Amino acid sequence: MASDLKDVEIEKAQFVFSVYDWEGSGAMDAVDLGNALRALNTNPTLDLINKMGGTQKRGEKKIKFDEFLPIYSQVKKEKDQGCYEDFLECLKLYDKEENGTMLLAELQHSLTALGERLSEDELEAVFNDCMDPEDDDGNIPYGPYLQRLCDHTPPAY
């Protein structure tokens with residue numbers, strides 16, 4: 001199943017896998033599967049990560065590289081992933097003045113209350129890494145925020 005990957009993609013996958021192989025044992029904890037896949041420029045949903053063998057707690061399951069590679073290959077093919085343009089269209093719904101800005105409070109609410117919710121700690125980390133300061137009216141430019149967010153490799157939690 002991983003035979004459709006190019007050599008350079010396999011090399012990148014090996015590097016990312018080695019980063020998440022904390023103990024150097026040739027296996028990574030399945031709780032890190034989502035972060036590893038995102039580090040390879042994919043955007044899997046939490047549901048997809050769970051279907052592919054990701055876990056919620058550290059120590060429940062280990063994944064070896066020969067198991068990880070087909071997972072990466074499959075996730076690359078998935079259509080149920082968002083991209084910058086998809087997310088931009090969603091945020092435009094909150095742009096009442098159609099000037100490329102939205103209320104920071106609306107973004108905070110959306111990220112913590114809708115869909116695959118972020119925790120307060122995750123929200124703070126994302127905002128610290130990607131957010132421009134809000135203006136006097138409480139608005140932020142969502143385009144640059146979204147670009148940095150999509151380009152940013154998430155930290156391991």
Side-chain angles (χ1 to χ4, degrees), residues 1-91 94 102 104-134 140 142 144-157:
M1 185 184 326
S3 62
D4 59 333
L5 294 174
K6 298 174 187 168
D7 289 342
V8 70
E9 292 173 319
I10 294 172
E11 287 177 31
K12 288 179 182 179
Q14 286 174 322
F15 174 74
V16 168
F17 185 86
S18 71
V19 168
Y20 287 97
D21 178 7
W22 304 109
E23 300 163 354
S25 65
M28 65 179 250
D29 198 298
V31 77
D32 294 320
L33 181 61
N35 287 335
L37 292 169
R38 289 183 188 102
L40 290 165
N41 294 321
T42 63
N43 291 310
T45 63
L46 295 177
D47 188 46
L48 181 59
I49 293 166
N50 289 336
K51 286 180 187 175
M52 294 293 166
T55 60
Q56 300 295 316
K57 295 181 183 173
R58 190 163 299 283
E60 286 183 53
K61 179 181 173 184
K62 296 284 188 176
I63 298 174
K64 295 182 179 183
F65 184 71
D66 62 344
E67 298 168 313
F68 176 72
L69 210 51
I71 292 170
Y72 170 47
S73 176
Q74 182 64 34
V75 169
K76 276 190 60 145
K77 295 177 197 171
E78 280 294 321
K79 302 294 181 209
D80 191 19
Q81 299 184 51
C83 65
Y84 172 79
E85 290 78 16
D86 296 335
F87 300 137
L88 187 63
E89 287 302 313
C90 291
L91 292 182
Y94 296 97
M102 68 179 290
L104 178 62
E106 285 184 329
L107 181 60
Q108 287 173 311
H109 172 73
S110 297
L111 294 175
T112 57
L114 304 174
E116 294 182 2
R117 300 173 182 107
L118 294 180
S119 69
E120 290 296 326
D121 290 339
E122 291 168 328
L123 181 70
E124 184 178 331
V126 167
F127 280 6
N128 287 340
D129 289 346
C130 302
M131 185 65 65
D132 288 331
E134 61 186 311
I140 52 108
Y142 56 83
Y145 157 75
L146 193 54
Q147 187 65 51
R148 285 190 289 272
L149 184 65
C150 288
D151 290 344
H152 186 65
T153 302
Y157 290 103

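Positions are given from 1, in the same order as the sequence printed here. Because the structure is a prediction, the values reported are computed rather than measured.
- Annotation: side chain of Asn50 is in contact with side chain of Gln56 (closest heavy-atom distance under 4.5 Å).
- Taking 4.5 Å as the limit, some side-chain heavy atom of Arg58 sits within range of a side-chain heavy atom of Asp32.
- Surrounding OH of Tyr94 are at most 12 heavy atoms belonging to other residues, nucleotides or ligands under 6.0 Å away.
- Applying the salt bridge (charged side-chain N to carboxylate O under 4.0 Å, His left out) test to Lys51 and every residue at least two apart in sequence or in another chain returns Asp47.
- One N or O on the side chain of Ser110 and one on the backbone of Glu106 form a donor-acceptor pair closer than 3.5 Å.
- The nearest pair of heavy atoms linking Gly26 to Asp21 is N-OD2, 2.8 Å.
- Residues Glu120 and Thr112 form a side-chain contact, since some pair of their non-hydrogen atoms from C-beta on lies under 4.5 Å apart.
- Side-chain N or O atoms of Ser18 include one that pairs as donor or acceptor with a backbone N or O of Phe15 at under 3.5 Å.
- Across Gly53 and Ala30, no two heavy atoms sit closer than the pair O-CB, 3.4 Å.
- A pairwise comparison of heavy atoms in Tyr145 and Met131 identifies CD1-CE, 3.5 Å as the closest pair.
- Taking CG from Leu40 and CD1 from Ile71, the interatomic distance works out to 12.0 Å, rounded to the nearest 0.5 Å.
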Practice problem: List the steps, then state whether side chain to side chain contact (heavy atoms under 4.5 Å, CB included) holds for Leu111 with Phe127. | Solution: CA-CA 11 Å; Leu111 294 175; Phe127 280 6; 3.9 Å; yes

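- To the nearest 0.5 Å, atom CG of residue Leu5 and atom CD1 of residue Ile10 are 5.5 Å apart.
- Arg38 has its side chain within reach of Ile49: a pair of non-hydrogen atoms, C-beta onward, lies under 4.5 Å apart.
- Between Leu107 and Tyr142 the shortest side-chain heavy-atom distance does not fall below 4.5 Å.
- Distance check, rounded to the nearest 0.5 Å: CZ of Arg117 to CG of Leu123 gives 14.0 Å.
- Ion pairing of Asp4 with Lys76 is absent here, as no side-chain N (NZ or NE/NH1/NH2) approaches a carboxylate O to less than 4.0 Å.
- Side-chain contact between Asp29 and Lys61: absent, with no pair of heavy atoms (C-beta onward) separated by less than 4.5 Å.
- Considering Leu33, Val16, Val19 in turn, Leu33 is the only one that fulfils the side-chain contact (heavy atoms from CB on, under 4.5 Å) rule with Met28.
- Evaluation of the ring pair (Phe, Tyr, Trp, His ring centres under 6.0 Å) test over residues 28-69, restricted to residues two or more places apart or in two chains, returns Phe17-Phe65, Phe17-Phe68.
- Checked against salt bridge (charged side-chain N to carboxylate O under 4.0 Å, His left out), Glu23 has the following partners two or more places apart in sequence or in another chain: Lys62.
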